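Below you'll find the structure, written out as C-alpha cells, and then a few comments.
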Amino acid sequence: MRELRIHGRGGQGAVVASKLLAAALFREGKSVQAFPAFGVERRGAPVTAFLRLSDGPILLRCEVTHPDDLIVLDPTLVQAVDVTAGLKPGGSILICSERDPAGYPELAARFRVATVDAGDIAQRHGLGSRTQPIVNTAILGAFAAFSGLVSLESICAAIAEDVSYRTEANIAAAREAAAAVKSLNGEALHA
Amino acid sequence: MKKVIVGNHAVSWGVQLARAEVISAYPITPQTQIVEELSEMCADGRLPARFIKVESEHSAMAACIGASVAGVRTFTATSSQGLLLMHEMLHYAAGGRLPVVMADINRAVAPGWNIWTDQNDSLSQRDTGWIQLYCENNQEVLDTTVQSFKLAEAVDLPVMLVLDAFYLSHTSEPVDIPDQADVDTFLPKREARLKLDVNDPRAFGALSPPDMYMELRLRQQEAMEQALEVFDAVEAEWGERFGRRYGAIEPYRTEDAEIVLVTSGTVTSTARYVVDERRARGEKVGLVKIKMFRPFPTARLRRALAGIPRVAVLDRNLSPGRSGIFAEELRAALYDLEPARRPGLDGYVIGLGGRDVTPDTIGECLDRSRAALAAGRAPEREDLWVGVKP
C-alpha cells in the first residue's frame, strides 16, 4: 500500500485533486481510497486530503500519518504548516512553486523534491482568478510525470469524466504541467 | 458499472436504484450531499420522485410519514441534531408500521459543537422501534440502501441505515453500481397492505385505549423479531443476484481465538487490519462485526462468543453514567450463558467526536484485554477509555 497527503488552501481544489487522482488510479486497476482531513473548511485556510492506493483491498480507515508522497498546492504552506510531518525518509514532495527544487535545500536534503509553477499554468488556461488560480488539475499532470505512479493519460481521462467545467482547459493545464515539472538532477521523471 | 464515489453518493445511487417515490429532507453536515444529489436526480428526471423541501427535520419525517401512509416508497437522510429533532416522528413512523427508509450519518451530538463521527445520535434512538443497520464501506452502503426498502416493506417497519461521518460519507472509493433492471427484479414497486385511499376510506392513527395498545406493541415486537430472518432472506437473494452478503453479524477469524473484538461501522475495517497483523504474529485474536443493532441479534451473538475467554467491545459512543452502548447490550445478551462459557468483557470507549481510531488505538485495547486475561482480572470498570489525553 502507498499513502499520499495533499496540502492546499481552501478553494485551490485539494479535495477534488484527491478524488481525481483516485479515479485515475482506479482506471489503472488499483484499489483506492481518497478523503479530506475533516475540518470546517474556509477559503484560504490550510486543508489536507489523503489518498491510499494498493493492489489489494484497503482496510485502514483512519488518517494518513506516515505518507510516502506529498503534494503541496501552495508554496506558502511549506512555512505555514509542518507539511513534512511523518513523511517517510526518502519520500517525495511535489510543490506548486515558482522556484526550482534547488530553492528548497532543507527539504531536498531529506526527500525527493520536485516543483512546477502550476499557478502560472492554471492562470494561463483561465482556471480560477489571477489571485486564486485553481491548480489541482495542473498539479496532477505534474504528479503523473514526477511520480510515475499513474499515467498522464489516466489523469486526463479522469478529468474528462469528472470535471464538467472548462474540461478541455483543465486537461491542457495537466498536460502542460507534466512537461514543465522540474526535479533535482531530473530524477524520477517518468514522463 | 464500477465508479469511485463518496459514501453519501452511494446512498443517493441506492435510493435512485430503489425508485423511491417521495423524498423529503432538510440539509445538515455531513449528510447534505445525499439529498443534494437526490434533488438533482429528481430535477433532471433520472429519478421521477417528488422531492419535498421542508423547514426542519421534524417536518421532513412528517412528510415521509404522510407519503408512506399513502402507500408510496419514501426516503430521507439526516445526522446528529437533525435526527434528534425528528425523535417524536421516529416513534410515529415505527408505531404506525410505516416502511420509511432513512440514512443517518453518524455525527457527534452537541455541545461541544462537533461535525465528526460518533454513534450517539443513532444509538440514542434505540427505543424508537427502527431497524438499525451499520455499514463498513461504501459498497455495503449502496447494497444496504437498496436492501433496506425490501426489508422495511416486508415487515412494515422503518429502517435506519447508518454510516460514519467522513470516514464513509466523504470518502471516495470504488463502488459496483448494479444495473437498474436487476434491481427492479429484486425490488418491485411497493404494494402497501393498507393505505390512505379515497376509494377505500380507513382511519389511521386512531385512539388506542388500554384494551388495544398493548397488542399493537406486541405486534411491533413480533415484526422486529421477524426482521432478522427477513433480513437473511433479503441478503440471500441479493447475494445470488449480485454476489455480496454481509450478515446481521459477521465473525472474522474467531476460530480458536482467545480475545475477540466486537465492532461496528468503519472501526470494523481497521480492526480487520489489526486482526490480520496480530494473527500473522501468532496471536489468537478475531473480531465479530455487528451490522444489525435493532433487532439485536442476541442468539447469534451468544453462539459467536460463547466459550471465548475475553471479549473487547469497541464503542464509539457513550451512555453517560454507564458505559459504551454496544458493551452494555452485550453484557445483557451474554448474561444467560452458563458461567463456564461466559466471556470476560472489556468495554472500551474510543474515537468519540471523530477522534481518529488507528491500528494503535485498537492494538492498545487488545493489549489491555490480553494482560487482564493473563492475570485473570475482571475489568476494573465498565467503561475503559482509550486514546484520551492525559
Side-chain angles (χ1 to χ4, degrees), chain A residues 1 3-6 13-42 47-67 85-86 136 150 154-155 157-164, chain B residues 1-9 29-30 33 40 105 107-108 113-117 135-139 163-176 252 263 265-277 287 316 350-351 353-362 387:
Chain A
M1 189 169 59
E3 297 180 305
L4 276 78
R5 194 168 61 209
I6 302 176
V15 176
V16 172
S18 73
K19 288 184 184 183
L20 287 172
L21 184 52
L25 287 159
F26 175 64
R27 284 175 173 272
E28 299 185 356
K30 298 286 185 196
S31 292
V32 289
Q33 182 195 74
F35 54 104
F38 319 121
V40 187
E41 279 80 14
R42 292 139 295 149
V47 297
T48 311
F50 307 108
L51 185 139
R52 293 190 169 98
L53 65 126
S54 172
D55 291 322
I58 298 170
L59 293 173
L60 286 179
R61 294 200 180 259
C62 50
E63 298 197 349
V64 170
T65 50
H66 294 90
N136 54 3
V150 62
S154 296
I155 295 286
I159 294 172
E161 184 169 327
D162 295 328
V163 178
S164 53
Chain B
M1 172 183 61
K2 269 199 168 188
K3 263 181 87 72
V4 178
I5 55 175
V6 294
N8 276 339
H9 289 167
T29 301
Q33 291 175 331
E40 278 177 26
I105 310 301
R107 163 183 158 178
W113 196 252
N114 180 298
I115 58 168
W116 292 271
T117 201
C135 297
E136 180 184 348
N137 56 52
N138 289 355
Q139 185 68 59
L163 47 151
D164 289 350
F166 300 109
Y167 294 105
L168 289 181
S169 70
H170 286 63
T171 293
S172 299
E173 58 183 2
V175 174
D176 194 347
Y252 179 73
T263 60
T266 55
V267 168
T268 306
S269 189
T270 306
R272 287 182 204 271
Y273 175 92
V274 174
V275 166
D276 288 350
E277 248 190 7
L287 73 82
R316 199 169 215 162
I350 59 170
R355 183 157 300 182
D356 210 14
V357 175
T358 67
D360 287 348
T361 317
I362 297 169

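Chain identifiers are assigned alphabetically (A, B, ...) following the order of the sequence lines, protein sequences preceding nucleic acid strands; residue numbering begins at 1 within each chain. Since we're looking at a predicted model, the values are computed, not measured.
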Top of B/Val4, B/Thr171, B/Asp164 for chain A proximity - count of heavy-atom pairs under 4.5 angstrom
B/Thr171
Quick one: what part of B/Ile5 sits under 4.5 Å from any heavy atom of chain A, side chain, backbone, both or neither?
neither
Less than 4.5 Å to any heavy atom of chain A: does that hold for the side chain of B/Val274, its backbone, both, or neither?
neither
Could you tell me which of A/Ala23, A/Ala158, A/Pro57, A/Cys62 has the largest number of non-hydrogen atom pairs under 4.5 Å with chain B?
A/Cys62
Please report the shortest heavy-atom distance between B/Gly387 and B/Arg355, naming the atom on each side.
O-NH1, 2.9 Å
In terms of side-chain geometry, is the basic nitrogen of B/Glu173 or A/Arg52 positioned less than 4.0 Å from the acidic oxygen of its partner?
no
What part of B/Asp276 is in contact with chain A, defined as an atom under 4.5 angstrom from a non-hydrogen atom: side chain, backbone, both or neither?
side chain
Keeping the roles fixed (side chain from B/Thr361, backbone from B/Thr358), state whether a donor-acceptor pair exists under 3.5 Å.
yes
Could you grab the distance from atom OG1 of B/Thr266 to atom CG of B/Asn138, nearest 0.5 Å is fine?
10.5 Å
Worked verdict on A/Glu28 versus A/Ser154 for side-chain hydrogen bond (donor to acceptor under 3.5 Å, both in side chains):
CA-CA 7 Å; A/Glu28 299 185 356; A/Ser154 296; 2.5 Å; yes
